[in-house]
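Chain letters run A, B, ... following the sequence lines, proteins first and then strands; every chain starts at 1.
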Amino acid sequence: MPGIPEAEGLYDRIYAVVARIPRGRVATYGQIARLAGIPNGARQVGYALAALHSGSRLPWHRVVNAVGAVSLRAPGAAEQQRFQLEKEGVRFNAAGRVDLRLDRWDGMSRKQRAR
DNA sequence: ATCCTGACTGTTC
DNA sequence: AGAACAGCCAGGA
């Protein structure tokens, strides 16, 4: 069939990409969407992650928005995400944002700490 | 099928 | 740098 975008589910593809983000690095929603084959699916990525039940082993905390900030809305959740990232070595600036130029995952190699 | 909501993003001011 | 806007698209009512 000419139109089989996701015979395994859209979310599964998103989760698969998130699972590949190496420790100590972050990726943006748009970046993940693109890697999952969903050009303009940034919101879908957020939607998919929101659908995740607590207890999932997916490294969803490594996902930040386009400006390097945490987009969690639930009170306290954002701080928790930041704490977990800092624990992995990701640094936040005074504005509470990640410097994507330094810690963004290149989407290819799994481990590589440039800088 | 229509409308509203949302863990988004790029452009423009 | 921050705010307003307009696209974007999957769910749920």
Open item on the list: Looking at every non-hydrogen atom in both residues, tell me the closest pair between A:L100 and A:N65 and how far apart they are.
Closed with: CD1-O, 4.2 Å
Open item on the list: I'd like to know if the side chain of A:R25 reaches the main chain of A:L102, judged simply by a donor and an acceptor atom lying under 3.5 Å from each other, with no hydrogens or angles considered.
Closed with: yes
Open item on the list: Please list, in numerical order, the residues of residues 34-49 of chain A that have a heavy atom closer than 4.0 Å to any atom of DNA chain C.
Closed with: A:N40, A:R43, A:Q44, A:Y47
TODO: Go through DNA chain C in 5' to 3' direction and return only the first and the last nucleotide with some atom under 4.0 Å of chain A's heavy atoms.
DONE: C:dG2 to C:dG11
Open item on the list: Side chains of A:L35 and A:W105, heavy atoms from C-beta outward: is any pair under 4.5 Å?
Closed with: yes
- [ ] Before giving the answer on side-chain contact (heavy atoms from CB on, under 4.5 Å), spell out for A:V45 and A:I38 the whole-Å C-alpha distance, their side-chain angles and the decisive distance to 0.1 Å.
- [x] CA-CA 9 Å; A:V45 172; A:I38 313 168; 5.7 Å; no
Open item on the list: Rounded to the nearest 0.5 Å, what separates atom CZ in A:R104 from atom CG in A:D99?
Closed with: 10.5 Å
- [ ] To the nearest 0.5 Å, tell me how far A:Y15 OH sits from A:S56 OG.
- [x] 7.5 Å
Task: Separation of B:dA7 C1' from A:Y15 OH (nearest whole Å) - done: 11 Å
Open item on the list: I need the minimum non-hydrogen distance between A:A48 and A:I14, along with the two atoms involved.
Closed with: CB-CD1, 3.8 Å
Open item on the list: Would you say CD of A:E86 has more than 12 non-hydrogen atoms from neighbouring residues, nucleotides or ligands within 6.0 angstrom?
Closed with: yes
Using nucleotides 10-13 of chain B, report all nitrogen or oxygen pairs with the protein that are shorter than 3.5 Å.
none

TODO: With the side chain counted from C-beta on, respond yes when A:I21 and A:V63 share a heavy-atom pair under 4.5 Å apart, and no when they do not.
DONE: yes
Open item on the list: Looking at every heavy atom in both A:A27 and A:I32, which two are closest together, and how far apart are they?
Closed with: CB-CG1, 4.0 Å
- [ ] For nucleotides C:dC8 and B:dG6, find the distance between their C1' atoms and express it as a whole number of Å.
- [x] 12 Å
